[in-house]
Amino acid sequence: MLKKTRVAVFVSGGGSNLEALLQSEVSGGMPFGEIALVVSNTQGAYALERANNHGVEGVCIPSRGNSGFEEELQALLMARHIDIIVLAGFLAILSADFVGKWPERIINIHPSLIPSFCGKGFYGLKVHEAALERGVTLTGATVHLVNEIPDGGRILLQKAVEIRPDDTAKTLQQRVMEQAEWVLLPQATAQLCQELSEKLSEGV
Ligand code: GAR
């Protein structure tokens with residue numbers, strides 16, 4: 001029996017991507033992983049309630065004006081024996097120093113087809129506003145490894161979503177979530193968990 005990979009999910013808001021991960025675990029979509037911890041960098045994030053509803057530990061470590069944020073985060077992750085981190089609507093940028101401690105162990109979901117509409121300043125609804133403003137007819141979502149460059153790590157999975165003439169940023173955001181994000185993120189997480197479980201059990 002392989003050891004399950006312990007996953008921490010980082011969130012900032014509503015947590016619909018977290019919900020997709022939790023549902024996937026419940027329905028057996030993540031046989032080599034377990035969601036062991038949810039961390040929010042904003043107070044009152046609904047995502048923490050979702051964690052609670054699933055019996056998963058949820059912790060808030062505010063990032064704003066908190067110079068010790070990443071140290072607190074790292075200490076918590078170590079204390080909970082976390083193996084990988086999934087950024088699921090986590091809207092703070094992690095430092096190169098922090099990311100360097102987790103090589104190939106952090107993945108992120110971004111709501112566009114990288115390299116379009118990504119990098120610093122492109123998050124949440126702003127990404128969809130930019131796509132509509134530019135007039136592209138296709139957008140989508142990307143899961144990628146996280147390195148020191150915002151949205152710059154190796155791409156793992158992408159899925160395209162058509163833009164409709166009557167789309168608003170909100171309708172587009174919803175469709176990109178439904179058709180791409182909630183499918184790709186559990187898939188990529190399960191894949192990474194399996195790879196790591198196999199590595200860890202081989203003692204690599
Ligand atoms: C999602 O669309 C996610 O892709 C995006 O924020 C939203 C969070 O929604 N993330 C980024 O823009 C990261 N650059 P959720 O809290 O309902 O999962």
Side-chain angles (χ1 to χ4, degrees), residues 7-25 29-30 35 37-54 56 58-64 85-95 98-99 106-134 136 138-163 167-189:
V7 180
V9 184
F10 289 8
V11 296
S12 297
S16 70
N17 278 286
L18 167 68
E19 188 70 41
L21 287 165
L22 291 164
Q23 294 294 348
S24 168
E25 185 181 357
M30 222 192 286
I35 299 170
L37 177 68
V38 172
V39 182
S40 170
N41 71 316
T42 56
Q43 260 153 2
Y46 181 62
L48 288 175
E49 257 182 77
R50 296 188 193 263
N52 191 39
N53 291 341
H54 283 261
V56 174
V59 176
C60 177
I61 305 179
S63 59
R64 190 177 284 249
I85 299 168
V86 176
L87 308 184
F90 180 70
L91 304 184
I93 292 186
L94 295 166
S95 72
F98 181 88
V99 168
I106 312 178
I107 60 172
N108 178 47
I109 180 91
H110 183 75
S112 76
L113 293 173
I114 289 176
S116 292
F117 313 115
C118 67
K120 207 162 186 280
F122 286 100
Y123 58 87
L125 263 191
K126 287 181 194 285
V127 178
H128 304 291
E129 283 163 2
L132 291 176
E133 169 78 19
R134 185 63 185 82
V136 292
L138 266 186
T139 185
T142 303
V143 179
H144 62 92
L145 287 169
V146 173
N147 64 10
E148 67 290 353
I149 303 161
D151 298 327
R154 179 157 62 85
I155 291 170
L156 300 177
L157 293 175
Q158 290 190 299
K159 190 164 189 283
V161 173
E162 273 183 35
I163 295 183
D167 263 328
T168 63
K170 284 212 153 149
T171 61
L172 185 56
Q173 179 182 52
Q174 184 66 22
R175 208 163 59 258
V176 168
M177 283 178 164
E178 285 170 9
Q179 293 184 8
E181 297 186 44
W182 300 341
V183 180
L184 295 188
L185 192 58
Q187 203 180 320
T189 304

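All ligand and atom numbering here is 1-based and tracks the order in the structure. Note that this is a predicted model, so its numbers are computed, not measured.
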Query raised in the report: Say you draw a straight line from CG of D167 to CD of E162; how long is it, rounded to the nearest 0.5 Å?
Result: 10.5 Å
Query raised in the report: Do side-chain atoms of N52 reach the backbone of L48 as a donor and acceptor pair under 3.5 angstrom?
Result: no
**Report entry** Numbering as shown, the atoms of ligand 1 that approach L91 to under 4.0 Å (heavy-atom distance)
**Finding:** 10 (N), 11 (C), 13 (C)
Query raised in the report: Pick one: which of I85, I93, V146, L145 meets side-chain contact (heavy atoms from CB on, under 4.5 Å) with V99?
Result: V146
Requested in this report: Find the distance between NE2 (H128) and OG1 (T168) and round it off to the nearest 0.5 Å.
Outcome: 10.5 Å
Query raised in the report: Looking only at heavy atoms of I109, does any of them come nearer than 4.0 Å to an atom of ligand 1?
Result: yes
Report summary line: Within 4.0 Å of some non-hydrogen atom of G124, the atoms of ligand 1 are 11 (C), 12 (O)
Query raised in the report: Which residue and non-hydrogen atom of the protein lie closest to atom 15 (P) of ligand 1, and at what distance in Å?
Result: S16 N, 3.4 Å
Query raised in the report: Quick one: does R50's side chain have a donor or acceptor within less than 3.5 Å of a partner on G14's backbone?
Result: yes
Query raised in the report: Nearest protein heavy atom to atom 7 (C) of ligand 1, by residue and atom, and its distance?
Result: M177 CE, 4.1 Å
Query raised in the report: Among protein heavy atoms, which sits nearest to atom 8 (C) of ligand 1, and what does the distance come to when rounded to 0.1 Å?
Result: G89 CA, 3.6 Å
Query raised in the report: Would you find a donor on one side and an acceptor on the other, under 3.5 Å apart, between the side chain of S12 and the backbone of L91?
Result: yes
Query - Enumerated ligand 1 atoms positioned under 4.0 Å from heavy atoms of F122 - result: 14 (N)
Report task. Give the numbers and elements of all ligand 1 atoms closer than 4.0 Å to a heavy atom of H110. Result -> 14 (N)
**Report entry** Check: I114 main-chain N/O paired with Q158 side-chain donor or acceptor under 3.5 Å
**Finding:** yes
Query raised in the report: Who's the nearest protein heavy-atom neighbour of atom 16 (O) of ligand 1, and how far?
Result: G15 N, 2.8 Å
Report task. For the pair L132 and E129, evaluate side-chain contact (heavy atoms from CB on, under 4.5 Å) and give the outcome as yes or no after the intermediate values. Result -> CA-CA 5 Å; L132 291 176; E129 283 163 2; 6.0 Å; no
Requested in this report: Can you figure out which of K120, E181, Q174 has its heavy atom closest to atom 1 (C) of ligand 1?
Outcome: E181
Query raised in the report: Any idea which atoms of ligand 1 are less than 4.0 Å away from a heavy-atom of N17?
Result: 1 (C), 18 (O)
